[in-house]
J.: 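So that we are looking at the same thing, I have put the structure below in structure tokens.
All heavy atoms count here, side chains included; hydrogens, waters and symmetry mates do not. So that the names make sense, note that chain A is the first sequence line, chain B the second, and so on, each numbered from 1.
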Amino acid sequence: MQEKKVFYITTPIYYPSDNLHIGHAYTTVAADCMARFKRMQGYEVFYLTGTDEHGQKIEKTAREKGLEPLGYVDGIVKGIRELWDTMMISNNDFIRTTESRHKEVVQKVFQRLFDQGDIFLSQYEGWYCTPCETFFTERQLVEGKCPDCGREVELLKEESYFFDMAKYAPRLLEHINTHPDFIQPESRRNEIVNFIKSGVEDLCVSRTTFNWGIKVPFNNKHVIYVWFDALLNYLTAIGYLSDDDKFKHYWPANVHLMAKDIVRFHAIIWPALLMALDLPLPQKVCAHGWIMLEGGKMSKSKGNVVDPRILVEKYGVDAVRYYLVKELTFGQDGSYSEDMLVSRINSDLANDLGNLISRTVAMIGRYFAGIIPASGTAVAVDQDLMHTAAQVYQEATEKLEKLDFAGYLISSLKLVSRANKYIDETEPWLLAKDEQNTERLAAVMYNLAESIRVALILLSPAMPTLMERANRQLGIFSDIKMVNWDEAGQWGLCPAGSQVKKAEALFPRIDLKALENSAAVPEPKEAVVKPEPPAPAKGEDEFITIEDFARMDLRIAEVLACEKMPKADKLLILRLKVGEEERTVVSGIAKHYTPEDLIGKKVVLLANLKPTKLRGVMSQGMILAASGDEELEVLMIDRDIPSGSRVK
RNA sequence: CGCGGGAUGGAGCAGUUGGUAGCUCGUCGGGCUCAUAACCCGAAGGUUGCCGGUUCAAGUCCGGCUCCCGCAACCA
């Protein structure tokens with residue numbers, strides 16, 4: 001290891017086809033936590049994040065909205081940057097793959113690898129669906145047809161550039177073996193090793209089916225594969241091929257942090273590319289788990305994609321960041337719900353931390369006119385408190401070094417708990433009754449202030465505004481920016497004589513019940529069928545006319561037969577009798593109904609819905625069902641109304 | 001057999017190299033009053049999904065099974 005205290009950490013660059021959610025926020029906050037920690041340790045940190053803006057999906061989405069890809073992406077990227085601002089992300093650079101500095105690097109690298117024979121022209125073979133302009137592998141096909149549109153596909157050979165990744169596989173395996181920390185956690189490491197051993201193929205690194213990307217420098221029919229493009233951002237941002245000094249200063253990266261779904265790209269393709277470029281590999285590729293949403297499923301109708309911005313607005317940056325970082329055990333998945341977030345804030349931040357500061361400040365105010373007294377002789381309880389502080393400092397440091405973010409916070413909070421207990425043990429309110437005890441009381445107050453000082457330093461990487469906010473009450477840090485991490489490892493640095501003043505709670509308790517009432521309003525529940533018409537809306541536009549309604553041909557239909565769609569989890573194929581006619585309808589209700597539940601029942605069918613193919617089966621209509629967050633109930637008719645009857 | 005993750009007291013989770021099952025929340029009881037109806041102490045509550053194997057000893061290793069859950073593909 002070099003002696004230079006430099007630390008380069010990255011998040012993946014995000015794909016701006018949708019707004020970012022809480023999972024992206026997790027990665028970015030965790031990396032930020034690390035970056036801040038390292039800065040406090042005196043490292044020269046380069047923290048990079050950004051956006052990966054090329055690719056077919058972006059192009060398509062943009063066109064659908066009638067925009068040029070770049071114009072479309074500009075808007076989303078602006079939102080992302082604002083999000084990181086509100087989450088107090090301290091990145092040193094924000095790279096966009098559409099920037100010219102990046103395009104140049106990608107093209108030069110492509111050229112170089114081509115020149116040295118690592119990239120070569122060959123044939124890409126795949127099943128091509130012309131209307132969809134997409135290639136599919138054999139596996140992706142549904143009954144030999146296009147999985148998107150169900151039409152015939154043809155076996156096409158296309159000229160493509162390939163990267164000779166297989167060549168580097170043995171060296172990569174060797175590297176992984178000799179650097180056990182390279183891929184973390186271990187479960188991912190094993191996965192990657194197995195994957196490589198099962199055979200690495202040449203990687204297709206160019207496409208001709210769309211345009212939105214970086215052109216192959218010597219063949220402008222081809223666009224460079226997005227991952228090839230994207231991964232190189234880690235080099236571009238620190239001056240690869242443009243600023244040698246800067247590049248050498250920061251490379252190799254210390255940590256590439258990401259969610260587990262993209263480790264393969266970072267632990268196989270990326271190292272292979274670097275080897276081809278004759279560059280050292282990053283020290284760590286670290287994959288964290290996913291944040292699962294309440295109930296697990298995320299669906300458009302549920303609209304439960306959690307917007308971190310709203311959470312920050314509601315609860316504050318510190319609290320939201322704290323929760324995110326605390327929630328995932330290293331490498332494992334975790335779950336998110338607003339209730340959990342609130343209870344975490346209440347118990348850890350309001351009850352324990354906030355209240356500790358509050359009661360300490362109040363006591364110093366009452367007993368010493370707000371002046372933090374000098375410390376005194378330490379007795380056993382004090383020793384124990386000091387010992388805890390030292391231990392917690394060490395533990396928190398170790399956990400952070402290991403990227404165990406949750407563990408780091410758990411450790412840090414131990415000191416807060418210990419300090420709360422210390423108050424009970426020392427009973428300052430009793431000491432205050434007898435002037436003989438003033439000296440002892442002073443020592444107790446000092447020790448409390450000192451514990452808080454240590455805790456604030458330890459928590460500040462996770463909660464960037466905490467120290468400043470707390471300092472407004474405590475006044476123990478003369479310059480927050482100058483606070484060093486190691487100061488948390490020393491006892492007695494809290495300056496006696498500081499003036500404290502009581503102020504508003506740092507983390508006000510959140511009333512869950514009050515919250516539910518208010519939260520119910522902005523969260524529009526989508527229901528397929530509402531029992532009553534919605535309350536009259538403001539504008540005329542909110543209404544439809546009876547004619548509009550009449551356009552819908554709703555019919556009673558009898559379920560003649562029903563079976564599960566093979567190889568599908570959610571689909572049932574229903575054979576319906578509508579009057580004299582028979583129809584096939586595919587419905588995504590298999591999670592809630594078995595075929596037996598439905599056979600012989602009478603349901604409501606939207607009969608003139610445009611037929612469509614689902615999983616290769618033509619669906620002629622839609623049956624109506626009421627659905628909530630979890631449950632779903634198909635509308636059925638009790639009385640014996642003949643099938644084919646109009647519903648109106 | 002598409003890929004992957006999980007099953008530990010009411011809930012959410014820890015459990016490193018196998019050696020008496022821990023934490024947070026909740027519940028119950030008690031204490032305290034400095035504090036944000038907070039804080040502190042104590043208690044109840046688990047045959048660690050099921051079956052088998054290795055071992056002096058398994059939540060921890062091995063095999064099999066059941067059930068959940070993500071991703072992928074189809075909620076018309």
J.: Using atom C1' of each nucleotide, how far apart are B:U47 and B:U8 to the nearest Å?
T.: 12 Å
J.: Ignoring the backbone of A:Ser347, work out which of B:C25, B:C34, B:C3 is nearest its side chain.
T.: B:C25
J.: Please tell me which of the listed nucleotides, B:U36, B:G4, B:U33, lies nearest to the side chain of A:Ala505?
T.: B:U36
J.: Tell which nucleotide pairs with B:C61, taking only Watson-Crick or G-U wobble pairs whose two distances are both under 3.5 angstrom.
T.: B:G53
J.: Identify all side-chain donor-acceptor contacts of residues 356-373 of chain A below 3.5 Å with residues at least two apart in sequence or on another chain.
T.:
unit_1   : atom_1 : unit_2   : atom_2 : d
A:Ser358 : OG     : A:Lys502 : NZ     : 2.8
A:Arg359 : NH1    : A:Asn420 : OD1    : 2.8
A:Thr360 : OG1    : A:Leu356 : O      : 2.7

J.: Between B:G64 and B:G5, how many Å separate the two P atoms, rounded to a whole number?
T.: 15 Å
J.: Would you call A:Arg555-A:Asp553 a salt bridge at under 4.0 Å N-O?
T.: yes
J.: Checking contacts here: which listed nucleotide (B:U36, B:C34, B:C41) is nearest the side-chain heavy atoms of A:Ile423?
T.: B:C34
J.: Looking at B:U36, which nucleotide sits across from it as a Watson-Crick or G-U wobble partner, both distances under 3.5 angstrom, or is there none?
T.: none
J.: With a 3.5 Å cut-off and just heavy-atom distances, do the side chain of A:Asn351 and the base of B:A38 make a donor-acceptor pair?
T.: no
J.: Of the nucleotides B:C39, B:U36, B:A35, which has the atom closest to the A:Leu506 side chain?
T.: B:U36
J.: Where the side chain of A:Lys260 is concerned, which of B:G5, B:U33, B:C34 is the nearest nucleotide?
T.: B:G5
J.: Do any of residues 431-440 of chain A sit with a heavy atom less than 4.0 Å from RNA chain B, and if so which?
T.: none
J.: For atom P, what is the distance between B:A73 and B:U16, given to the nearest Å?
T.: 36 Å
J.: Taking only the side-chain heavy atoms of A:Asp424 (C-beta and beyond), determine which of B:G12, B:A35, B:G31 contains the nearest atom.
T.: B:G31
J.: Among the nucleotides B:C40, B:C34, B:U24, which one has an atom lying closest to any side-chain atom of A:Arg344?
T.: B:U24
J.: Given the C1' atoms of B:G63 and B:U54, what is the spacing between them in whole Å?
T.: 11 Å
J.: Counting only Watson-Crick or G-U wobble pairs whose two distances fall under 3.5 Å, which nucleotide matches B:G2?
T.: B:C71
J.: Is a salt bridge present between A:Lys577 and A:Glu581, judged by a nitrogen-to-oxygen distance below 4.0 Å?
T.: no
J.: Does A:Glu558 come within less than 4.0 Å of A:Lys601, counting only side-chain N to carboxylate O?
T.: no
J.: Parallel under 30°, tilted from 30 to 60°, perpendicular over 60°: which one fits the rings of A:Trp227 and A:Phe265?
T.: parallel
J.: Counting heavy atoms from C-beta on, name the nucleotide in B:C34, B:A38, B:U33 closest to the side chain of A:Asn355.
T.: B:A38
J.: Less than 4.0 Å between a side-chain N and a carboxylate O, is that true for A:Glu425 and A:Arg418?
T.: yes
J.: May I ask you to evaluate whether A:Arg509 reaches the phosphate of B:A38, defined as a side-chain N or O under 4.0 Å from OP1 or OP2?
T.: yes
J.: Might you work through the side-chain hydrogen bond (donor to acceptor under 3.5 Å, both in side chains) test for A:Tyr393 and A:Glu398, ending with a clear yes or no?
T.: CA-CA 9 Å; A:Tyr393 161 76; A:Glu398 282 167 11; over 6 Å; no
J.: Work out how far the P atom of B:A38 is from that of B:U27, and round it to whole angstrom.
T.: 10 Å
